[in-house]
Each structure stands twice: as structure tokens, then as C-alpha cells.
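Let me begin by presenting the structure, written as C-alpha cells, before commenting on it.
Source: prediction; values computed, not measured. Excluded from the calculations below are hydrogen atoms, water molecules and symmetry mates; all remaining heavy atoms, backbone and side chain alike, are included.
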Amino acid sequence: MIKMPKVSIIIPNYNHSGYLEARLNSILDQTYKDYEIIILDDCSTDNSKEIIEKYTKKTKKISKVIYNEKNSGSTFKQWNRGFENTTGEYIWIAESDDWCENNLLEELITNMITNPEIVIGYVQSSIINQDNREIYRSKYEYDKNVLNGGEFVCNHMINGNAIFNASMAIFKKKILNSITKEYTKYKFCGDWIFWIEVALLGKVYISNKCLNYFRKHEGDVSKKFYSSGNNFIEEIDMITYLKRNKIINYKDYYRNIYAKYINYRNLLNESNIGPIYEIEKKFFPYKYYLGIRYWLMKNL
């Protein structure tokens with residue numbers, strides 16, 4: 001009987017040859033060894049394939065490599081394809097331009113298996129710029145590190161995404177049968193919806209250890225969304241989906257819309273973001289409500 005690995009590690013890659021070896025080395029150096037690696041290359045035009053082939057010969061931990069003949073255009077569609085090829089009880093999406101400390105898997109697995117109700121766990125992350133300088137480090141300073149999914153979503157996922165980098169987290173594979181494919185419809189907010197739907201299926205383990213490094217660079221997808229203002233379009237679609245499915249209430253919904261509107265107006269004054277017409281269309285249904293609130297804030 002073939003023994004299945006405890007963890008399936010998915011590495012989605014697109015033109016990250018400059019970071020791929022560091023990513024793979026940080027996985028192969030993990031102190032926890034019961035895992036397989038599945039690499040998905042989304043039709044890279046750099047020398048990623050050369051590096052992938054080198055590591056495929058170097059280690060038996062790589063169980064599968066999937067090369068797309070055409071670029072999918074979506075990180076989250078690649079996630080879904082990776083899920084379909086996993087055999088482990090847990091899944092870790094290890095983004096190809098990130099890296100981690102060698103005890104990340106051990107920290108999460110050893111704490112999660114103690115409670116079968118835990119469906120997802122994550123560590124803290126450091127955001128690193130192109131010069132490898134830290135620009136932000138997440139923190140978790142509460143005594144309670146296992147939360148009910150509803151409590152976690154309410155306190156850590158409504159006003160922002162606590163799991164802001166996929167490489168921070170691992171989750172149970174079996175929950176994939178109980179979540180929607182809504183996350184695959186997005187290019188920016190898909191992970192946010194995914195983590196919320198996963199968390200609501202059980203409990204969440206939160207480690208206060210910073211063991212992950214999230215690299216921000218010119219090719220980073222989220223950077224392009226923020227600089228263009230397209231994040232507002234997807235964020236409004238996302239919270240509308242959450243409200244429609246009664247994951248958040250009307251009060252939280254309108255509070256979020258207003259916060260995004262204030263952020264949008266401030267950015268509008270500071271930079272040449274666009275497409276302004278598409279962003280304005282998203283805010284238009286709330287125009288009277290937002291206009292009154294904004295005027296009051298500015299004038300009282």
C-alpha cells in the first residue's frame with residue numbers, strides 16, 4: 001500500500017525564475033519531511049522550466065509538474081488546478097516568489113493535528129521589498145491562538161485580510177468539497193474569499209511566529225491592482241458577495257463600503273489612478289449615502 005504524504009505543497013509559478021530556487025530550497029530544507037511538491041507553471045517565458053527540470057532530477061519530493069500550454073490569466077484558477085492533483089491531508093500553497101524559515105511546516109502541522117476541528121492555520125509574515133528590506137511584519141499578540149471560524153472572520157477578516165499571503169497558511173484538503181468556486185472568479189480578492197469560506201468550516205490556529213517572507217516586486221499582481229485602483233472594483237464585488245450570503249451584516253457591509261470610499265477619494269487627490277469611470281460605477285449605488293457621510297466628515 002502506497003503511503004500518502006501528510007502535506008501537499010503547491011507551487012504556482014509564472015516568470016519567477018529569479019526567485020524559484022530560493023523558494024524550492026526553503027521547502028526542501030523544512031524540518032517536517034512528510035510532504036510532496038506539485039509545481040504548476042503558467043506558461044512562463046523566462047527560464048523557469050530549466051530550473052524546474054533541474055530540481056525534478058534533484059529530488060523525489062516533486063511528485064508532479066504541470067506546464068500550461070497557454071497562460072491561464074488567473075492565480076486562483078491555478079490554485080484550483082493544483083488542488084485537483086494533491087494527495088495529502090493538508091495543502092500548502094507556497095507562492096514561487098516567497099520563501100520561509102525551515103520550521104514553518106512543523107510549527108503549523110504539530111499544532112493543528114492536536115485539534116481535529118482546526119481546518120486552517122497560519123504563521124505571521126514579513127513583507128520584503130526588492131532589496132530584501134523588511135517593510136512590514138504582521139503580529140498576533142493575543143493569548144488565544146485557536147479561534148472559532150466565525151470569531152476569526154468577524155475579528156480578523158472583515159476589515160482586512162489577516163492571511164494576506166497564501167504562503168503563510170496550510171489547510172485541510174477535505175474542506176474543498178464544502179466551499180464554492182467563487183474565489184476563481186477574481187484576480188485580486190480570490191484568496192480573501194477563499195480563506196473566509198475555509199475558516200467558517202471549523203477552527204483556526206494562529207501562530208505568533210513570523211516564519212514567512214512575502215516578496216513585493218515590480219511583477220507582483222497585488223501591486224498592480226493597488227496602483228491602478230482596480231482593487232476597489234473587486235473589493236466591492238467581494239463584500240457584496242459576503243453580504244448576499246449573510247457572512248457579514250448590513251452594518252459591516254456599509255462600514256466597509258464607506259471606508260473604501262474614503263480611501264478612494266484620498267487616492268484620487270494624490271495620484272492618477274484609474275479606470276475612474278469603472279470605479280465610480282461600483283460606488284454609484286451608494287452615492288447619496290457616501291456623499292452625505294463624506295461631507296459630514298470634511299465639514300463638521
* Can you tell me if NZ on Lys260 sees more than 12 non-hydrogen neighbours from other groups inside 6.0 Å? -> yes
* Asked: Less than 4.0 Å between a side-chain N and a carboxylate O, is that true for Glu182 and Lys185?
  -> yes
* Asked: Which atoms form the tightest heavy-atom contact between Asn13 and Asn15, and what is the distance?
  -> ND2-N, 4.0 Å
* Asked: Quick one: do the Ser17 and Asn47 side chains pair a donor with an acceptor below 3.5 Å?
  -> yes
* Please test Lys144 against Glu151 for salt bridge (Lys or Arg N to Asp or Glu O under 4.0 Å), starting from the C-alpha separation and ending with a verdict. => CA-CA 11 Å; Lys144 191 176 180 182; Glu151 180 185 0; 3.2 Å; yes
* **Minimum heavy-atom distance between Lys181 and Asn80, given as atom pair plus value** => CE-OD1, 3.1 Å
* To do: Decide if atom CG of Asp143 counts as having more than 12 heavy atoms of other residues, nucleotides or ligands within a radius under 6.0 Å.
  => no
* To do: Taking all non-hydrogen atoms of both residues into account, name the closest pair between His16 and Asp46 and its distance.
  => N-OD2, 3.3 Å
* Do you know which two heavy atoms are closest between Tyr14 and Asp42, and how far apart they sit? -> CD1-O, 3.1 Å
* Using the six-membered ring wherever Trp is involved, compare the ring planes of Phe83 and Tyr183 and label them parallel, tilted or perpendicular (cut-offs 30° and 60°). => tilted
* Structure fact -> Tightest non-hydrogen contact, residues Ser8 and Gly88, listed as OG-N, 2.8 Å
* Take Lys187 and Thr75, measure what side-chain hydrogen bond (donor to acceptor under 3.5 Å, both in side chains) needs, and give me the verdict at the end. => CA-CA 7 Å; Lys187 291 186 177 181; Thr75 298; over 6 Å; no
Which pairs would a plain distance check flag for residues 157-166, meaning a side-chain donor or acceptor within less than 3.5 Å of a matching protein atom at least two apart in sequence or in another chain?
from: Asn161; atom 1: OD1; to: Ile163; atom 2: N; distance (Å): 3.0
from: Asn161; atom 1: ND2; to: Ile163; atom 2: O; distance (Å): 3.3
from: Asn165; atom 1: OD1; to: Asn212; atom 2: ND2; distance (Å): 2.7
from: Asn165; atom 1: ND2; to: Asp98; atom 2: OD2; distance (Å): 3.0

* Any side-chain donor near an acceptor of the partner, Asn85 and Lys64, under 3.5 Å -> yes
* To do: Taking all heavy atoms of Leu28 and all of Lys33, pick out the closest pair and write down the distance.
  => O-NZ, 3.0 Å
